[in-house]
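Every heavy atom of this structure was used, including side-chain atoms; hydrogens, water molecules and symmetry mates were not.
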Amino acid sequence: MSVRRLVFGSLNDGEHARVVHKYDISNESGSLKVSVTEYGATLLSVQTWDRHGELEQITLNYYDDLNALANQEGKPYLGCIAGRFANRIAKGHFTLDGEEFQLAVNNGVNHLHGGVKGFDTQVWESDIIDEASTGRVGVRFSLLSPDLDEGYPGAVQVVVEYEVKGEDLLVHIYATTTKPTVLNLTNHAYWNLSGDGKRTIHDHLLHLACHHYLPVDETQIPLGEVAIVNGNSDLAENVFDFCTENVPKRLGDRLHRIDGGGQPGLDHCFVVDGYQSDLAAGEAKPLLDVATLIDPLSGRVMVVRSTQPGVQVYTANWLPPYTAKGVEDAGLDAEVHPESDLAARRARLFQQHNAICLETQHFPDSPNQPQFPSTIVRPAVPSEAPRTPTATDNDFYEVTVFQFRVLTPSASSSQDSHDETADA
């Protein structure tokens with residue numbers, strides 16, 4: 001296991017330039033390589049082996065360009081920590097303990113991902129995790145969000161830890177607050193398991209451990225009901241059913257049939273099976289199965305587990321429509337032709353349905369919908385300054401685990417059978 005600290009670039013805040021670092025983390029076998037940066041506590045890059053031992057990129061991001069990352073066209077939130085409140089709050093308004101709070105409206109009529117200057121735009125403090133006693137290896141990021149930052153009450157101290165453990169990537173998120181507040185934090189990585197963005201996600205297979213989802217209005221705010229995914233008597237119309245018979249479903253068969261907020265595709269929150277919101281004080285949240293994503297051709301498998309109650313599935317609907325720039329045609333199995341021009345490579349990568357986000361989180365608009373699991377966080381210890389959150393002293397803690405596997409070669413001859421098994 002190794003961690004390297006590198007200079008990623010510098011950003012000018014108008015008064016002085018600040019050097020921004022990135023970190024490269026590798027497991028012992030070299031089958032998993034992860035890069036993270038202080039800007040937005042962003043997961044820049046994940047590289048894994050395919051079934052032939054080829055190491056390739058499986059995330060979408062500006063891997064080596066800080067300025068491009070900091071000036072993303074269309075604000076796609078590539079790989080960042082979204083907060084203070086990931087997802088949407090209706091009309092940017094909520095009431096907490098009888099006091100009303102108005103936040104920025106930055107997504108149509110709603111508030112999205114913490115506002116105009118959310119956690120994704122901040123340069124976080126960082127240090128390397130290398131604990132001989134526990135064997136933990138990774139990177140720790142920390143950020144202080146002051147009272148009324150983007151309109152939210154309470155000063156909040158947040159710590160995010162990216163830990164590599166064997167073939168797994170763990171994302172720990174801790175926080176403390178000085179006042180009652182609302183908090184919903186997630187990582188917003190874009191995944192494409194084909195390797196280096198060779199193909200769109202249409203041929204990816206998705207299984208969700210979610211028998212329910214949240215129907216939304218025309219602005220992507222939940223209507224308040226929790227709906228069963230296979231409630232339609234016409235089974236072909238159950239486009240949100242990714243769990244029945246425990247068989248992963250091909251994304252390309254469904255994306256064009258779903259309205260993802262004005263563009264085709266998924267942008268919906270699914271309810272994780274088995275989540276309990278009534279745990280006793282001090283009782284640890286269980287790590288639950290959330291999703292399995294498979295690319296049959298490369299053999300790559302990603303299993304997602306989390307303590308969170310929901311997963312927002314977003315299929316990059318608002319990236320530009322797929323026009324196959326630098327590709328033979330828009331077909332799913334088109335051969336990619338090497339491009340020397342950086343803009344052309346990015347045009348190919350950053351296209352609609354070229355990635356999927358599996359954002360483990362609480363439900364959107366939870367501060368206004370008390371029937372949902374609560375996102376209210378209260379200080380365990382009253383103080384004027386937030387405590388430094390740790391695994392044993394925090395007001396908020398969630399963890400998500402991304403487990404990377406490869407389909408066994410014995411099953412590779414039948415990509416359509418969906419019955420391949422994954423090596424642990």
Aromatic contact between [X] and [Y], with the criterion being ring centroids under 6.0 Å apart: yes or no?
| X | Y | result |
| --- | --- | --- |
| Tyr190 | His188 | yes |
| His268 | Phe240 | yes |
| Tyr62 | Phe350 | yes |

Checklist line | Under the ring pair (Phe, Tyr, Trp, His ring centres under 6.0 Å) test, residues paired with Phe94 that sit two or more places apart | finding: Phe101
Checklist line | Those residues that, when tested against His362, pass ring pair (Phe, Tyr, Trp, His ring centres under 6.0 Å) (two or more places apart) | finding: none
Item checked: Glu56: which of Arg199, Arg51, Lys198 passes salt bridge (Lys or Arg N to Asp or Glu O under 4.0 Å) ->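 Of the listed options, the one satisfying the test is Lys198.
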Note to self: When you measure from the side chain of Asn106 to the backbone of Gly115, do you find a donor-acceptor pair of N or O atoms at a distance under 3.5 Å?
What the structure shows: yes
Next item on the list: Compute whether any side-chain donor of one residue and acceptor of the other, for Gln157 and Thr176, lie under 3.5 angstrom apart.
Entry: no
Next item on the list: Determine, step by step, whether Asn368 and Asp365 satisfy the side chain to side chain donor-acceptor pair (under 3.5 Å) criterion, reporting the C-alpha distance in whole Å, the side-chain angles of both residues, the deciding distance to 0.1 Å, and the verdict.
Entry: CA-CA 6 Å; Asn368 295 311; Asp365 200 36; 2.7 Å; yes
Checklist line | Stepwise side chain to side chain donor-acceptor pair (under 3.5 Å) check, Asn87 with Gln361 | finding: CA-CA 9 Å; Asn87 218 313; Gln361 58 185 257; 2.9 Å; yes
Check: Can you find a pair of side-chain heavy atoms, one from Phe119 and one from Val160, that are under 4.5 Å apart?
Finding: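 Not touching, per the 4.5 Å side-chain cut-off.
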Notebook entry, point to check: Side-chain contact, heavy-atom cut-off 4.5 Å: Leu183 with Thr177?
Noted result: no
Note to self: Consider side chain to side chain donor-acceptor pair (under 3.5 Å). Of Asp168, Thr360, Asp289, Thr400, which one does Arg305 pass it with?
What the structure shows: Asp289
More than 12 heavy atoms of other residues, nucleotides or ligands under 6.0 Å from [atom1] of [X]: is that the case?
| X | atom1 | answer |
| --- | --- | --- |
| Lys75 | NZ | yes |
| Lys285 | NZ | yes |
| Glu73 | CD | no |
| Glu28 | CD | no |
| Glu245 | CD | no |

Checklist line | Minimum heavy-atom distance between Gly30 and Leu55, given as atom pair plus value | finding: O-CD1, 3.7 Å
